[in-house]
Amino acid sequence: MSQVIISVGREFGSGGRVIAEALANRFNIPIYDRHLITEIANKTGLTPEEIEKYNEKPKNHLLSRRVNGYSNSIEDNIAEMQFKFLREKAASGESFVVVGRCSETKLRDFKCLVSLFVLGDMSEKVKRVMNVYELTEDKAKAFIDKKDRKRKRYHNYHCEGHWGDSRLYDLSVNSSRLGIDGTVDLLEDYIKARMSE
Amino acid sequence: MTAAQIFAVVIFVGMFVMIVLDKIERHYVTLGSGILTLVVVFGICMRKGTAIMDTLAFKNFATKDFWYQVTESESKGINWATIIFIAGMMVMVEGMAKAGFFRWLCMKIAYLVKCKTVPIFITFMIMAAVLSMFIDSITVIMFLAAVTIELASLLKFNPVPMILSEIFCANLGGSATMCGDPPNIIVGTSLGFSFFDFLTNTGLCAGICLVVSVIFLYFAFRKELVSNSSAPVDMSKFPKPSEAITSKKDFTISCIIFALAVLLLVTHATTHLTVATIGLFIAVITLISFGKHAISLLKKVDYKTLVFFIGLFIVVSGLEETGILKLIANFIGDISGGNIKLMIAIILWVSAIASAFVDNIPFAATMVPIIQSLSETSGVPISTLAWSLAIGTDIGGSATPIGASANVVGTSVAQKNGYPIGWGRYCKKIAPATVIVLAISTVYLFVRYL
């Protein structure tokens, strides 16, 4: 297949974003993660900071409402803008890697979609987060739990399937087994095999 | 408390919580709660088949009073007149939208004021209020907000103050008539008030408040209304109003049907046609006029809202039949100590505060039997309490972004176009405007009815 869309869901601290960036480099295609925020900012006139504030966050049920399909939750509207943007990119024939944003569900109608989920052992995730964010072990663990809880709520609100459920993805992989580079190699082979179908 | 009362309260509270949490669509929530009320409260606890039949109120369709009413009467159970009227108006509004009426009207007014920011701001506020007197405020705001954003991008001004002001005025306009806001339709049809009754009571209050609101909102937002472009307005770049009309024939028909609907509503106390008859008649002539497009109009009707109402009326009947609402009415009567001023103030302000945070439709539906009971026990005229309730629920809904449907739709349209409106941004100017209008309304109610 000429077009490939690689969707990377990830647990916080599993190295999913780094793996997604490496895959984008190896296939020489753009990646939409932070870049997605800039793209949406350019399109709407919002600042990247404003979008970042509400990015991949579940809406507050007590402070927002939905009427006839119109939601006044800023989180919801930022999410919808991102889903729309991704669908337009996918429909235009562009190949890209996308991190999170319920992309495994929102883009599942595209046959060129390869959906991946990267998880990791808690001990490895804690080490990585302690290192990157300079946190103590307890704080790193709490930070991981908090981030994953948010991602789960965000995902499960916008999608029917459950975040991290292996049945939702083509391939779920534990990055702690082969390490980041080994996982990237494995995924590259898998994606190439899928592309040659 | 009896088992029936406990279950009625649990179902009602559960329904409210589920509506707020928004996990399940609200029409499923009210319908499920309604079925639970029929089965558990009326069937199992009360073993009262007549309560089920009274609540379903199917027999009303066969009565002459349901369609042609010489003497005003009150209704119980599912308020089918409200449902038929709202459905009929939905069909008419879909027809008007399809013909391009709303967009045409917005563009026409913008042209008439030569596309100048401040005159657009003022005329759009007045237009929001006037249209909302006859059409649901969701539709009004949906079109007004979209056109405002379009004009803002052409004229280089910030559309947020204008959208917020339009929302506020749409809610205010909705309070002026019986068909302006769903709580008013419920109050009117349940207690037997006419369109004209509303217009001469809440309408007058809304008119006074609109003048004050336009002045207040202008001064509150005047600094933000300045156009970022110093270049003179080039009207040739603007879309022409006539371009909004999709079909001249449909447009003309829509205008005639709308005028007819207004005429029938204004005169229904004289013609004795009920709102159910008017709603059905307007729907039928719209569908006949649109011929082959009738099916597409019917498909666009918001059936979810109609189902939401049906479930809601059943749940409220559960509270009414079990005597819970009478207990609440007695409680209000006790704390006001028979003081009418205090009673009016409690109904107005409690309704307003509650409506600022929860959906005002279930609130109004619950409060109607309460004020009926309160009127019977305290001797205060039901009309005085009804106007307090209507004004409180309609105006209170303006205070927060989640208080009324128009607020949700308006802020949502703005956000989708890159203008996020959070609670802080919304409440900073609109909450004080709401308090001012409520204060004026309190004085109005005291002066006029005491």
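Here is how names work: the chains are called A, B, and so on, in the same order as the sequence lines, proteins then strands, and each is numbered from 1.
Contact of B/Ala404 with chain A is made through the backbone alone, with heavy-atom distances under 4.5 Å. Contact annotation for B/Thr305: only side-chain heavy atoms (C-beta onward) come within less than 4.5 Å of a heavy atom of chain A. Contact annotation for B/Lys304: neither backbone nor side-chain heavy atoms come within less than 4.5 Å of a heavy atom of chain A. With a 4.5 Å cut-off on non-hydrogen atoms, A/Lys59 touches chain B through its side chain but not through its backbone.
Contact check on A/Asp185 versus A/Arg26 returns a salt bridge, with a Lys/Arg side-chain nitrogen under 4.0 Å from an Asp/Glu carboxylate oxygen.
When each of B/Ile402, B/Asp302, B/Ile138 is checked for heavy-atom pairs under 4.5 Å with chain A, B/Ile402 comes out on top.
The aromatic ring centres of A/Phe143 and A/Phe12 sit less than 6.0 Å apart.
The number of heavy-atom neighbours closer than 6.0 Å to CD of A/Glu88, taken from other residues, nucleotides and ligands shown, is above 12. Within a 6.0 Å radius of CD in A/Glu94, other residues, nucleotides and ligands contribute more than 12 heavy atoms.
The distance from the CZ atom of A/Arg17 to the CD1 atom of A/Ile31 is 8.0 Å, given to the nearest 0.5 Å.
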